[in-house]
Amino acid sequence: MKLTTPLEHIKGVGPKTAQALSAAGLETVADALDFLPRAYDDYSAAVNIADLQPGKVTVRARCESISTRIVRRGLRITTAVLVDDSGKVKAVWFNQPYRESQLRSDAEFMFSGQFGMQYNSYQISNPSVELAKQTNSSDAQPTSGIHPVYKSIKNLRPKTVQDLLKNLRPIMEFLPETLPEHIVQRQKLVSRAEAVKFLHAPNSHEEIARGRERLAFEELFEMILAAQLNKQEQTKLTGWRIPFNQPVVKRFVEQLPFPLTNAQRRAAWQILQDLESEHPMNRLLQGDVGSGKTVVAGLVAAEVAQAGFQTAIMAPTEILAAQHAKTLDELLLPFGVSVALLTGHVKGAQRRQLLDNLANGNINVVVGTHALIQEKAVYHKLGFVVIDEQHRFGVKQRQALLQKADYMPHLLSMTATPIPRSLALTLYGELDISILDELPAGRQSIQTKIWSPASAPKLYETIDAEIAKGRQAYVICPLIDDNPDNDKKSVEAEYHKLAKTMFRHRRVGLLHGKLPPEEKAAVMQQFADGDIDMLVSTTVVEVGVNVPNATVMLIENADHFGLSQLHQLRGRVGRGQYQSFCHLMLSGHDKPSQRLREIEKSQDGFYLAEVDLKLRGPGEIYGRAQHGALNLKIASLSDTPLIARAQTEAERFVKEGQDLLQYNHLARAVSRYQRLTVLN
Ligand code: ADP
Ligand code: MG
């Protein structure tokens with residue numbers, strides 16, 4: 001038996017089983033060893049049926065009766081009554097009719113599953129089943145009672161997969177080490193062979209923990225090493241040097257209507273220094289909503305233009321692009337810097353003219369959406385690229401924009417979704433990071449409150465009182481049209497309701513992504529000009545929109561939004577001198593979730609991002625499609641201590657100039673990650 005042996009050559013694997021395994025991506029012995037258990041049943045922790053408490057439980061019992069009924073097409077429910085000396089309990093399986101033949105005997109089995117109230121009765125749901133060991137049997141093999149549970153594979157019984165991995169145990173002893181030996185030693189990790197054996201055939205929970213630690217470390221180490229090597233590669237590229245231009249920077253700062261915050265100064269300084277280097281910058285500017293990232297980008301663009309280079313700023317929505325273009329135009333006009341807006345809706349002669357001016361260098365700064373990366377857009381001397389809300393763009397789009405230059409331009413990514421430190425090290429390890437951790441002076445904190453639907457009339461009164469004072473309000477709904485299938489509110493329905501009843505006497509506006517662009521822009525403009533009191537909108541207003549007179553943010557179905565998104569939405573208010581309010585309306589009368597209570601308490605975007613990461617996991621927040629690196633097999637991106645250890649070793653590996661090619665397996669893993677990350 002070798003790692004490359006096809007599974008169909010393994011004892012007990014017939015053609016049908018092999019086919020099912022192959023459909024799940026398991027072709028060889030190595031694939032099967034990589035198929036790690038998703039959980040463990042601990043049969044040694046069996047309790048009496050009479051003593052069951054809600055939660056994960058294990059019982060040793062006989063099956064008294066069992067039957068299956070077809071509820072509807074595709075749903076068969078098998079119900080059994082389990083008995084031991086202390087009592088009886090119901091067990092229920094979904095679409096596992098074979099349990100009937102398995103359990104029709106007098107033998108004792110171990111059942112392990114979730115015990116709790118379902119459809120008004122207590123039951124164990126979908127328990128795993130294992131023949132109980134006879135205490136007086138001649139089978140003297142010691143057993144820990146801990147059994148691996150594998151993700152179910154279509155058309156295979158769990159036992160088939162368990163047996164397969166049992167049959168592979170001999171080879172687990174001989175797995176070659178895949179990490180550099182000195183790192184295994186220094187980090188006091190178990191060998192790969194031990195780790196794999198510990199996970200598939202554990203003798204104790206301690207072994208499971210040691211096995212996981214080792215494989216998780218390896219996974220993180222590979223990912224961080226890939227990022228570190230990317231970073232090193234970047235320092236080999238040459239780009240344009242843009243010398244620090246003190247007079248321009250000084251004049252820019254002086255003509256601002258406000259002093260820069262210290263955080264803005266620091267970030268601008270870091271960026272301007274990067275630009276002086278002959279290596280292209282690759283920096284991420286993180287700052288909470290309203291921390292003033294656009295001004296920083298504007299300052300840099302001023303200097304870049306004076307040096308004879310163009311700046312391209314890519315924003316995720318047209319609304320935002322238009323707003324940036326306006327802001328930057330005002331900031332940069334005194335410097336004779338020309339700013340243009342390029343979106344899909346600049347058409348015909350106007351578009352041709354704009355593209356001409358871009359190609360001949362008459363335009364210094366171009367702000368736009370995806371239109372910036374279309375093939376027709378040719379740049380003159382593109383020196384500086386800014387990507388706003390970078391997590392909204394895929395790697396390909398970022399690449400496409402960078403490739404518009406003959407030389408690698410300096411790249412600044414900006415995001416208002418604060419990235420927890422653990423993610424910054426793993427997913428964004430090749431970026432330098434500047435943080436705006438300070439809001440401009442005079443900003444008031446936003447009063448945040450959770451409401452239940454019953455108290456809506458009272459809430460509307462307080463909102464109306466704000467409007468009476470001359471302020472404006474946002475009402476955010478998750479849907480555009482009504483969908484009878486769920487309880488989520490739609491902007492269409494809410495808009496008509498509010499405009500016809502409680503807010504009849506106010507000017508109510510409607511905004512969503514399906515409106516024609518001219519109409520969207522017009523509505524947004526009216527709101528910005530104060531000609532609309534209440535804007536009922538989908539989350540299209542989420543990013544970047546800036547209306548300082550708006551002080552009320554009402555989010556309907558708040559429980560349906562992620563924490564980071566709620567924080568973003570809340571950031572649309574509190575942008576001016578007035579006290580602002582964020583109202584989180586629940587969908588029903590359930591108690592608010594922990595997530596909502598966190599956002600009620602805190603206004604620290606970094607803290608909320610950490611909480612979100614713990615509660616939902618990175619895939620939900622940052623999008624799996626964009627970050628192939630998020631498909632981790634075993635490591636957790638919130639395991640900060642292990643990430644720190646992996647980072648130390650990865651940095652050391654690069655600094656010591658270790659030869660990656662000495663480590664076959666590692667080299668392959670690293671190149672896989674490199675392809676997934678930002679700049680490779
Ligand atoms: P972000 O993009 O980080 O959410 P913006 O750049 O849109 O923030 O800035 C938010 C608002 O704050 C804008 O109206 C901007 O003019 C203003 N602003 C930026 N920096 C400062 C500052 N240092 N002091 C006062 N106001 C500022
Ligand atoms: Mg912004």
Side-chain angles (χ1 to χ4, degrees), residues 176-187 189 192 214-239 270 274 277-284 286 385 387 390-391 394-396 398-399 402-403 407-413 419-434 618 622 626-637 639-640 642-680:
E177 183 50 71
T178 44
L179 279 174
E181 197 63 56
H182 63 277
I183 294 182
V184 175
Q185 307 231 328
R186 198 156 50 210
Q187 291 293 327
L189 298 167
R192 182 173 181 86
R214 149 68 208 228
L215 295 188
F217 176 92
E218 184 166 357
E219 206 169 26
L220 292 167
F221 177 74
E222 288 164 353
M223 190 193 304
I224 298 173
L225 184 60
Q228 297 286 334
L229 291 169
N230 273 353
K231 193 167 183 171
Q232 198 192 32
E233 274 312 296
Q234 285 165 39
T235 64
K236 292 186 193 144
L237 297 172
T238 32
Q270 288 167 336
D274 283 357
S277 151
E278 63 188 344
H279 305 301
M281 169 175 77
N282 187 15
R283 186 172 282 280
L284 177 67
Q286 288 193 70
V385 167
I387 298 188
Q390 56 90 27
H391 66 281
V395 175
K396 283 214 188 86
R398 279 176 264 182
Q399 291 268 39
L402 292 173
Q403 276 160 6
Y407 269 67
M408 185 62 131
H410 297 286
L411 172 63
L412 182 68
S413 307
I419 298 164
R421 195 174 145 65
S422 59
L423 288 191
L425 289 174
T426 45
L427 300 181
Y428 301 99
E430 67 254 70
L431 300 176
D432 293 307
I433 295 185
S434 296
Y622 301 96
Q626 265 185 52
H627 287 294
L630 285 175
N631 292 317
L632 291 172
K633 282 208 286 283
I634 189 160
S636 153
L637 285 179
D639 187 349
T640 319
L642 195 63
I643 288 171
R645 286 166 60 190
Q647 192 212 3
T648 308
E649 291 296 348
E651 277 179 355
R652 194 157 166 176
F653 189 94
V654 174
K655 207 179 290 155
E656 287 172 354
Q658 296 263 355
D659 181 11
L660 183 62
L661 296 177
Q662 263 190 302
Y663 309 99
N664 236 317
H665 183 273
L666 183 60
R668 254 180 290 130
V670 163
S671 77
R672 213 176 53 236
Y673 280 118
Q674 283 184 311
R675 269 183 277 122
L676 293 171
T677 47
V678 186
L679 269 183
N680 220 349

Item to check | Separation between CE of M281 and CG of L284, rounded to the nearest 0.5 Å | outcome: 10.5 Å

Checklist entry - With Q232, which residues qualify under side chain to side chain donor-acceptor pair (under 3.5 Å), at least two apart? => result none

Next on the checklist: The test is side chain to side chain donor-acceptor pair (under 3.5 Å); show your working for S434 and Q270 and say whether it passes.
Outcome noted: CA-CA 8 Å; S434 296; Q270 288 167 336; 2.5 Å; yes

Item to check | Whether R283 side chain and L431 backbone form a donor-acceptor pair below 3.5 Å | outcome: no

Next on the checklist: For the CD atom of Q228 and the CD atom of Q647, what is their distance to the nearest 0.5 Å?
Outcome noted: 6.5 Å

Next on the checklist: Closer than 3.5 angstrom, by distance alone: can the side chain of E649 be matched with the main-chain N or O of F221 as a donor-acceptor pair?
Outcome noted: no

Checklist entry - CD/Q286 to CD1/I433 distance, rounded to the nearest 0.5 angstrom? => result 5.0 Å

Checklist entry - What is the distance from atom CG of D639 to atom CG of L220, rounded to the nearest 0.5 Å? => result 7.0 Å

Checklist entry - For the residue pair P409 and V385, what are the closest heavy atoms and their distance? => result CG-CG2, 3.8 Å

Next on the checklist: Tell me the closest heavy-atom pair linking G239 and P280, and the distance in Å.
Outcome noted: N-CD, 3.8 Å

Checklist entry - If you draw a 6.0 Å radius around NZ in K655, do more than 12 non-hydrogen atoms from other residues or ligands fall strictly inside? => result no

Checklist outcome for this item: Applying salt bridge (Lys or Arg N to Asp or Glu O under 4.0 Å) to D432 and not counting sequence neighbours gives K231

Checklist entry - Which atom pair, heavy atoms only, marks the closest approach of V670 to A226? => result O-CB, 3.7 Å

Item to check | By salt bridge (Lys or Arg N to Asp or Glu O under 4.0 Å) - contacts of E181 (at least two apart) | outcome: none

Checklist entry - Rounded to the nearest 0.5 Å, how far apart are CD of E177 and CG of L179? => result 5.5 Å

Checklist outcome for this item: Rounded to the nearest 0.5 Å, the CG atom of D274 sits from the CG atom of N282 at a distance of 9.5 Å

